[in-house]
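Inspection log for the structure reproduced underneath, given as structure tokens.
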Number of protein chains: 2
Amino acid sequence: MQNSQAMALSAALLSAAGELTQRIHEGVVARGFEGVRPAHGFAFTRLSRGGATATDLAAHLGVTKQAASQLVDELVRKGYAERRPHPDDARARLVVMTERGWACAHAAEESAADAVRPWVERLGERKARALLDQLTAVAPDGPIRPTW
Amino acid sequence: MQNSQAMALSAALLSAAGELTQRIHEGVVARGFEGVRPAHGFAFTRLSRGGATATDLAAHLGVTKQAASQLVDELVRKGYAERRPHPDDARARLVVMTERGWACAHAAEESAADAVRPWVERLGERKARALLDQLTAVAPDGPIRPTW
DNA sequence: CTATATAGTCAGGCAGCTTGACCAAATCGT
DNA sequence: ACGATTTGGTCAAGCTGCCTGACTATATAG
């Protein structure tokens, strides 16, 4: 693969990721969840598996723990999450999603399905799945970097 | 395709885009170009086709013209680009890349190739090309959104 | 030849992140 | 068992990159 193609791949990846994020976000807002940002959605994907600490979130989002803590503040203030004492560690606080948090995460999934649908229609089910498979093969579990 | 898979696709896309951007940037810095950010690289891809106005860049990057103008200031100050009077429009300024700008863009291409190489090795040449084709099919020419 | 649109700049503000310093609880080493 | 180090979290201050709003100068339309 030539240099220019590598560059094209990067650009396509970025453009696709940006557009998808944008559309998902719009869909979430349209479903009545105001005041949320994409970064909150990325936090939900981590919180939805039994909660997480602020430090966990920081690693998952690729930011400092202070930034993650601020983000949790915001989620709590807006009613999407709450802090509980951590069962095993008196220093830590376990952040868990509220009912409203789950509703928002669900809305995000619906919105994501809406955003991806035109892609599936254009590529066909088989190629769309291949795209997903190939992407998950190359980008398994690095931190989500909502900004650069 | 189910909702959760759409979400997985989005997450994989974001993670891949973030990692790739990060690696390309590191490669560019390693080649001796300090003080550049990924957004500058995205600007180069637009400037490299005969130059562009600040407003063109704004549209390409998905930011306001003021932000684009600031970015051009930075590129000029660091020696990567220069402003020239626009041949057809006395209001406008044509931003073109300097010699150093071209060198930096070239370094970015090399770096992109390095960053993509492990993916090609993991997927194989054929699937890697399929990935590129499918991505360019779904995300043709939307604005690059370096931040959200 | 006025009226509107467009390219660019100047000024001010702010959201989201960073670094640095600190406290309290957990873990390690001896 | 106990001091030393690590780890989870907070507070405070500051900065970067972007935004909105207001403005000038040139181009384009009616």
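In the text below, chain A, chain B and the rest are named by the order of the sequence lines, each starting its count at 1. Predicted, not measured: the structure shown is a model, and the values here were computed from it.
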A:S111 and A:D114: side chain donor to acceptor below 3.5 Å:
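There is no such pair (donor and acceptor under 3.5 Å, judged by atom type) between the side chains of A:S111 and A:D114.
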
Considering every strand and a 4.0 Å limit on heavy-atom distances, what is the contact class for A:A67: base, sugar-phosphate, or nothing?
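Base contact.
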
For a quick check of understanding: with a heavy-atom distance under 4.0 Å over all strands, which category does B:T55 fall into, base, sugar-phosphate or nothing?
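It contacts sugar-phosphate atoms only.
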
Quick check: do [X] and [Y] have side-chain heavy atoms less than 4.5 Å from each other?
| X | Y | answer |
| --- | --- | --- |
| B:W119 | A:Q134 | no |
| A:C104 | A:V28 | yes |
| B:Y80 | B:E74 | no |

Phosphate OP1/OP2 of [N] contacted by [X] side-chain N/O (<4.0 Å):
| X | N | result |
| --- | --- | --- |
| B:T64 | D:dC18 | no |
| A:S69 | D:dG9 | no |
| A:R37 | C:dG16 | yes |
| A:T53 | D:dG8 | no |

Give the rounded distance in Å between these two atoms: [atom1] of [X] and [atom2] of [N].
| X | N | atom1 | atom2 | result |
| --- | --- | --- | --- | --- |
| A:R77 | C:dA15 | CZ | C1' | 12 Å |
| A:L71 | C:dC17 | CG | C1' | 11 Å |
| A:Q70 | D:dG14 | CD | P | 16 Å |
| B:H86 | C:dT9 | NE2 | P | 14 Å |
| A:L61 | C:dT18 | CG | P | 10 Å |
| B:K78 | D:dT16 | NZ | C1' | 11 Å |
| B:L94 | C:dT6 | CG | C1' | 16 Å |

Which one, D:dC19, D:dG8, C:dA25, comes nearest to the side chain of A:A92?
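The closest nucleotide is D:dG8.
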
To the side chain of B:R93, which of C:dG16, C:dT9, D:dC18 is closest?
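For the B:R93 side chain, the nearest candidate turns out to be C:dT9.
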
5' precedence on DNA chain C between A:R91 and B:R91 (nearest-nucleotide basis):
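Of the two residues, B:R91 wins.
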
A:D88 or A:K65: which one's nearest nucleotide on DNA chain C is closer to the 5' end?
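Its nearest nucleotide lies further toward 5', so the answer is A:K65.
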
First locate atom CG of A:L94, then atom CD of A:E82, and finally report the distance between them rounded to the nearest 0.5 Å.
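Taking CG in A:L94 and CD in A:E82, the distance rounds to 10.0 Å.
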
Any donor-acceptor pair under 3.5 Å joining the side chain of B:Q66 to the base of D:dG21?
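In this structure, the two groups form a donor-acceptor pair.
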
